[in-house]
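Taking it in order: structure first as structure tokens, then the write-up.
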Number of protein chains: 2
Amino acid sequence: MPSGLTLPGGRGGEDGRPHYLALRDQIASAIAMGKLAAGARLPSERQLQTDTGTARGTIREALFQLEAEGLIYRRDRSGWYVSPPAITYDPTRWTGFMSYVIDQQRTPSTELLSIESVAAPMGVADVFRVVPGTPLHHLTRRRSIDGRAVLIERIVVDPALAPGLEQHDLGGSLTRILGTEYALKVVRNRVDMRPCALTTSIADMLNVKPGTPGLLVVRTSFDAEGRVIEYDHEYWRHDAIRVHVDLDIRS
Amino acid sequence: MPSGLTLPGGRGGEDGRPHYLALRDQIASAIAMGKLAAGARLPSERQLQTDTGTARGTIREALFQLEAEGLIYRRDRSGWYVSPPAITYDPTRWTGFMSYVIDQQRTPSTELLSIESVAAPMGVADVFRVVPGTPLHHLTRRRSIDGRAVLIERIVVDPALAPGLEQHDLGGSLTRILGTEYALKVVRNRVDMRPCALTTSIADMLNVKPGTPGLLVVRTSFDAEGRVIEYDHEYWRHDAIRVHVDLDIRS
DNA sequence: GAGTGGTCTAGACCACCTT
DNA sequence: AGGTGGTCTAGACCACTCA
């Protein structure tokens, strides 16, 4: 719905509302009303340009806004798509990614991108209480929901606790392997979360533009002796996750 | 540091790295090295434009990127500033905003923006287990750290549990008032968190641009009888908060 | 009133995805 | 090969903040 003529420069429609917000609202309500289903592709930017009679930059502003809200996402140089629903993550439950995604009627998958032995830098050495330089397992994995990559995780494991870890199938639940193969039982979990932007190396692996908003989840798991079992950085697409915690003092 | 000539259009410096990312890196490292202290103001966009010899749109792209990362923020039509450190929020601890901000050597403040009695819409009525239309207290408050507004909260309280609530000083800890004045003791907390964009009404109260990335925290507190004491939506600036949870199965 | 960011236009070339 | 988004330019007017 073109707004007709608008003065160059200036500030938008007859109502004083910026054009890009008006377009945002149109698309948002199209999504809300189901005219654009989850996973559906939006018209191209140039198409929207001619449809609405506004400049491409303005169109893109509306699109960025919707992306920040988590309503749409882009596939690099392919197009803009409606975001699927987010998955709910509960850091107080010990079940891993694979289980809780299945519990929510979605299809998880995990790819091992790399595993290497890395000399512990200072900060990480502190976490594991080893001397800096001690070799540690570093795994990088990509996890997807319904075929869409949603997070990159970088896990550090002490090979003293899990020798020969690389010989197992690491394309599934690591927690399970550590439990069944190495008898490592997690009794304490420390979790940190904060909004972040996905920097180039992560963004490339997720096939998103660098700077896309994300959520960083840092997880440290301990066993009964207070040893660190897993030290894990998860970089999530911000529109793919929702955190839920339910705590009862009495229990 | 101007990169010299660049072809119009195209894709940036001799290294193939986009200009806006190069500028981002410059500013980011200036912040990291302390050349720009927390709270400091950046040069104006037009100043950066002449300094770097790039178009204003490109400058702004770098700025948006840094904003998404939480490194800088803007004050509407005033300028861009270096973000202060984020506050750590632990949903498993029962202490309120005022206490945990003070614990982190910062200065909190709270303003009551409005309090009104609102007929419960369906969703909210469900939460409180009352019939839709029952009048409930709605408070809107703005909370700041070191004088910078960081969150808007909308709290719903059942007046049946807290009659005459509006006669108390609501510019401080609500949890304390409910505890000491109404003997309401929270034994269970349910917390949901998700990245969001701050929509117009919230953005105006925080004095940020609509669409600024944020974090929504929804908190539901119950007493021993399972009654809902507080139902609270907190809209945070995304660069102001960091969530931390530490859970021990054994305790 | 000078300066700031906010919105907008109308072009351009490029790298990459898709077919 | 054609279309898509990604990057970039060089202007403009506006609403607002600040001194």
Side-chain angles (χ1 to χ4, degrees), chain A residues 2-24 41-67 72-81 198 200 203-204 207-212, chain B residues 2-24 41-67 72-81 198 200 203-204 207-212:
Chain A
S3 62
L5 334 165
T6 32
L7 308 322
R11 185 152 164 285
E14 300 80 23
D15 52 356
R17 194 171 171 65
H19 286 154
Y20 78 93
L21 282 181
L23 175 57
R24 183 224 86 97
R41 179 181 175 162
L42 272 66
S44 76
E45 295 177 1
R46 279 152 178 106
Q47 185 60 51
L48 290 168
Q49 205 178 333
T50 57
D51 288 354
T52 63
T54 57
R56 189 166 157 227
T58 305
I59 302 289
R60 282 170 67 78
E61 236 167 317
L63 263 10
F64 294 157
Q65 164 85 34
L66 289 159
E67 181 189 43
I72 65 175
Y73 69 101
R74 40 183 145 177
R75 291 195 217 149
D76 196 67
R77 274 165 257 259
S78 156
W80 294 87
Y81 299 81
L198 304 173
T200 311
D204 287 349
N207 189 28
V208 303
K209 220 196 64 153
T212 304
Chain B
S3 62
L5 335 164
T6 30
L7 307 323
R11 187 154 163 282
E14 301 80 23
D15 52 355
R17 194 171 172 63
H19 286 156
Y20 78 94
L21 282 181
L23 176 56
R24 184 226 84 97
R41 181 184 172 158
L42 272 64
S44 76
E45 296 177 0
R46 279 150 179 110
Q47 185 61 50
L48 290 169
Q49 204 178 333
T50 57
D51 287 355
T52 63
T54 57
R56 193 169 153 221
T58 306
I59 303 289
R60 281 169 68 77
E61 236 167 316
L63 263 9
F64 294 156
Q65 164 85 34
L66 288 159
E67 181 189 43
I72 66 176
Y73 70 100
R74 41 183 145 176
R75 291 194 218 149
D76 195 69
R77 274 165 253 259
S78 155
W80 294 87
Y81 299 81
L198 304 174
T200 312
D204 287 348
N207 189 29
V208 302
K209 222 196 62 153
T212 303

Using atom [atom1] of [X] as one end and atom [atom2] of [N] as the other, report the distance to the nearest whole Å.
{"X": "B/Tyr73", "N": "C/dG6", "atom1": "OH", "atom2": "C1'", "result": "19 Å"}
{"X": "A/Leu21", "N": "C/dG6", "atom1": "CG", "atom2": "P", "result": "13 Å"}
{"X": "A/Gln49", "N": "C/dT9", "atom1": "CD", "atom2": "C1'", "result": "10 Å"}
{"X": "B/Gln47", "N": "C/dG5", "atom1": "CD", "atom2": "P", "result": "10 Å"}
{"X": "B/Phe64", "N": "D/dG6", "atom1": "CZ", "atom2": "P", "result": "16 Å"}
{"X": "A/Ile59", "N": "C/dT7", "atom1": "CD1", "atom2": "P", "result": "15 Å"}
{"X": "A/Lys209", "N": "D/dG6", "atom1": "NZ", "atom2": "P", "result": "7 Å"}
{"X": "A/Asp204", "N": "C/dC17", "atom1": "CG", "atom2": "P", "result": "11 Å"}

Measuring to OP1 and OP2 of [N], would you say a side-chain N or O of [X] lies under 4.0 angstrom away?
{"X": "A/Arg17", "N": "C/dT7", "value": "no"}
{"X": "A/Tyr20", "N": "C/dT7", "value": "yes"}
{"X": "B/Thr58", "N": "D/dT9", "value": "yes"}
{"X": "A/Arg46", "N": "D/dG3", "value": "no"}
{"X": "A/Thr54", "N": "C/dC8", "value": "no"}
{"X": "A/Arg60", "N": "D/dG5", "value": "no"}
{"X": "A/Ser78", "N": "C/dT18", "value": "yes"}

Among [options], which nucleotide sits nearest the side chain of [X]?
{"X": "B/Glu45", "options": "C/dT9, D/dT9, C/dG6", "answer": "C/dG6"}
{"X": "B/Arg77", "options": "C/dC17, C/dT7, D/dT17", "answer": "D/dT17"}
{"X": "B/Trp80", "options": "D/dT7, C/dG5, C/dC8", "answer": "C/dG5"}
{"X": "B/Ser44", "options": "C/dT7, C/dT4, D/dT4", "answer": "C/dT4"}

Checklist entry - So which heavy atom on B/Leu63 is nearest to which on B/Ile72, and how close? => result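 Looking at all heavy atoms of both residues, the closest pair is O-CD1, 3.6 Å.
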Report the distance from atom [atom1] of [X] to atom [atom2] of [Y], rounding to the nearest 0.5 Å.
{"X": "A/Asp51", "Y": "A/Arg46", "atom1": "CG", "atom2": "CZ", "value": "14.0 Å"}
{"X": "B/Leu42", "Y": "B/Ile59", "atom1": "CG", "atom2": "CD1", "value": "11.0 Å"}
{"X": "B/Thr54", "Y": "B/His19", "atom1": "OG1", "atom2": "NE2", "value": "7.5 Å"}

Next on the checklist: For a quick check, tell me whether the side chain of A/Arg56 and the base of D/dG6 share a donor-acceptor pair closer than 3.5 Å.
Outcome noted: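 Indeed there is one.
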Checklist entry - If you look at every strand shown and take non-hydrogen atoms under 4.0 Å, does B/Arg74 touch a base, only sugar-phosphate, or nothing? => result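 B/Arg74: backbone/sugar contact only, no base atoms under 4.0 Å.
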Next on the checklist: By nearest heavy atom, map B/Arg75 and A/Arg75 onto DNA chain C; which one lands nearer the 5' end?
Outcome noted: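 With B/Arg75 and A/Arg75 compared, the 5'-side residue is B/Arg75.
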Item to check | side chain to side chain donor-acceptor pair (under 3.5 Å), paired with A/Arg60, selected from A/Gln49, A/Glu45, A/Glu67 | outcome: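 So the option named by the test is A/Glu45.
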Next on the checklist: For B/Ser78, is there any backbone N or O sitting under 3.5 Å from a side-chain donor or acceptor partner on B/Arg41?
Outcome noted: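 The answer is yes, because a donor-acceptor pair under 3.5 Å joins these two groups.
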